[in-house]
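Here is the structure we will look at.
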Amino acid sequence: MPKKAVLTEYSLSVPKIKKPLTLALVSDIHERKCNDILELLKESKPDLILIAGDTFERFDNEKNKPCHKNSMRLPRRVFLTTAFYVNYNLMRIFGKKNMPQTANAYEFLRESSKLVPMFMSLGNHEEKLLEDDISLLRDNGIFLLDNADVCAAIHDERIYIGGLSNEPDEKWLEEFARKPGFKLLLCHHPNYYDSFVAGKDIDLTLAGHNHGGQFKLFGKGVLSSRSGLFPKYDSGVFYNRLVVSAGCSNTVALPRWGNPRELVLIYLKPDTIIK
């Protein structure tokens, strides 16, 4: 298992809320053991836990695969497919303790859902959840937001929380953006911010996906399997409206250099308008 996870904290002054809120952002568990993330959650005592995708490994054929056949051009698909299988075999040889197991995700969700209300969106590794997954979420009071939203009451604050899925529903997103009050969007892909979210009346977007760029060079993430070299949104706060997590797990045989797994805490304070 990679080195112990760290706690990363951000403070944002936001409009439309009257009392401070503390949000815990979790992303990219990928069915790995995340006991250290769970301990950080217990110690941090957030008001909400927000999961921005790729908790499970669920594909339409119920097997891991590196990419959709029609989602990208052939050369890139060949590269990703080759990299996927090379990494998979290296993990089987050197990283058996860090292989994905559904029991890991279930344990994390059960335990963390006991702490505070939890809301979850889906990522590119979650094409189709199993019936057991849906039952676990329902039985533990976890809100699954698949191109959907709910209104949550936290400390007398009413906020709208939405989840934009791997296949975005733009009509739903437009309706979500028109709702009154503070709106928080879970969106696994940070690059969707430019394509779908920017310019809309959505106050804060929480994302993951790029795993912080796997390695950091002069503070910048180097590589993402889907976003390529030096991804624009590796991890951090962008425009004071987008927060990207470096993720909770390491899914490759190589270590994460200068880029630890993390739990992100976001302190929202009622003050200045987000620009």
Side-chain angles (χ1 to χ4, degrees), residues 1-14 17 19-56 97-98 100-121 123 136-137 139-145 152-157 159 161 182 184 186 188 204-212 216 234-237 242-251 255-271:
M1 188 67 182
K3 293 180 180 179
K4 191 172 182 179
V6 301
L7 181 66
T8 301
E9 300 174 286
Y10 303 119
S11 292
L12 297 176
S13 295
V14 301
I17 63 171
K19 296 182 180 180
L21 293 174
T22 301
L23 313 178
L25 169 58
V26 173
S27 76
D28 299 282
I29 292 175
H30 289 284
E31 297 189 351
R32 267 61 175 190
K33 281 189 173 295
C34 290
N35 294 339
D36 49 0
I37 298 290
L38 182 58
E39 289 305 312
L40 288 173
L41 278 171
K42 291 178 178 178
E43 295 169 5
S44 302
K45 299 180 180 179
D47 297 309
L48 297 173
I49 298 173
L50 302 156
I51 302 183
D54 280 4
T55 304
F56 299 112
K97 292 183 179 179
N98 195 33
Q101 296 184 33
T102 295
N104 294 331
Y106 280 10
E107 179 184 6
F108 178 86
L109 292 171
R110 285 192 192 99
E111 293 303 313
S112 54
S113 67
K114 296 175 183 177
L115 304 176
V116 293
M118 178 182 289
F119 302 83
M120 173 182 171
S121 67
L136 179 126
L137 297 176
D139 294 346
N140 288 276
I142 300 169
F143 293 88
L144 176 61
L145 303 174
I154 310 294
H155 300 328
D156 298 325
E157 290 282 356
I159 65 174
I161 303 174
F182 185 84
L184 187 156
L186 300 177
H188 181 66
L204 186 62
T205 301
L206 306 184
H209 184 58
N210 285 330
H211 296 206
K216 292 286 189 182
D234 49 358
S235 62
V237 179
L242 170 65
V243 179
V244 182
S245 168
C248 296
S249 68
N250 186 29
T251 61
R256 294 173 56 141
W257 296 328
N259 175 41
R261 300 176 300 111
E262 67 177 2
L263 171 69
V264 176
L265 274 193
I266 305 163
Y267 303 104
L268 299 184
K269 300 179 180 180
D271 191 10

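One-based numbering along the sequence shown.
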From Leu48 atom CG to Leu268 atom CG, the distance as rounded to the nearest 0.5 Å: 9.0 Å
Identify the heavy atoms of Pro260 and Ala246 that sit nearest to each other, and give their distance. O-CB, 4.3 Å
Got a second to check how far Ile49's CD1 is from Met120's CE, nearest 0.5 Å? 12.5 Å
Determine, stepwise, if the pair Lys42 / Leu115 fulfils side-chain contact (heavy atoms from CB on, under 4.5 Å). CA-CA 7 Å; Lys42 291 178 178 178; Leu115 304 176; 4.0 Å; yes
Which of parallel (below 30°), tilted (30 to 60°) and perpendicular (above 60°) describes Tyr106 and Phe56? perpendicular
Taking all heavy atoms of Asn250 and all of Arg32, pick out the closest pair and write down the distance. O-NE, 4.0 Å
Give me the one residue out of Leu204, Thr8, Leu23, Thr205 that meets side-chain contact (heavy atoms from CB on, under 4.5 Å) with Val243. Leu204
Can you give me the closest heavy-atom contact between Val264 and Glu262, atom names plus distance? CG2-OE2, 3.4 Å
Do Leu206 and Ile266 come close enough that some side-chain heavy atom pair is under 4.5 Å? yes
Distance in Å, Glu31 CD paired with Thr102 OG1, rounded so as to fall on 0.5 Å steps: 3.5 Å
Taking the side chain as C-beta and beyond, is there a heavy-atom pair between Val244 and Asp234 under 4.5 Å? no
Please report the shortest heavy-atom distance between Ser27 and Gly208, naming the atom on each side. OG-CA, 3.7 Å
Stepwise side-chain contact (heavy atoms from CB on, under 4.5 Å) test for Leu7 and Leu265: CA-CA 7 Å; Leu7 181 66; Leu265 274 193; 3.7 Å; yes
When rounded to the nearest 0.5 Å, the distance separating CG of Asp28 from NE2 of His211 is 3.5 Å
Closest heavy-atom contact between Pro270 and Pro20? CD-N, 3.9 Å
Do Asp47 and Glu157 make a side-chain contact, defined as non-hydrogen atoms from C-beta onward lying under 4.5 Å apart? no
Between the CD1 atom in Ile17 and the NE2 atom in His155, the distance rounded to the nearest 0.5 Å is 11.0 Å
With side-chain contact (heavy atoms from CB on, under 4.5 Å) as the test, would you mind laying out the steps for Leu41 and Phe108 before giving the verdict? CA-CA 11 Å; Leu41 278 171; Phe108 178 86; 3.7 Å; yes
Working for side-chain contact (heavy atoms from CB on, under 4.5 Å), residues Ile29 and Leu109: CA-CA 10 Å; Ile29 292 175; Leu109 292 171; 5.6 Å; no
Leu186 vs Ile51 side-chain heavy atoms within contact, under 4.5 Å: no
Are the side chain of Asp36 and the backbone N or O of Ala5 linked by a donor-acceptor pair below 3.5 Å? yes
Least distance between heavy atoms, Asn140 atom then Leu136 atom: ND2-O, 2.8 Å
Report yes if the side chains of Phe119 and Leu184 come closer than 4.5 Å at any heavy-atom pair, otherwise no. no
CG of Leu25 to OG of Ser245: how many Å apart, nearest 0.5 Å? 5.0 Å
So, do Glu107 and Leu38 sit near enough that their side-chain heavy atoms are less than 4.5 Å apart? no
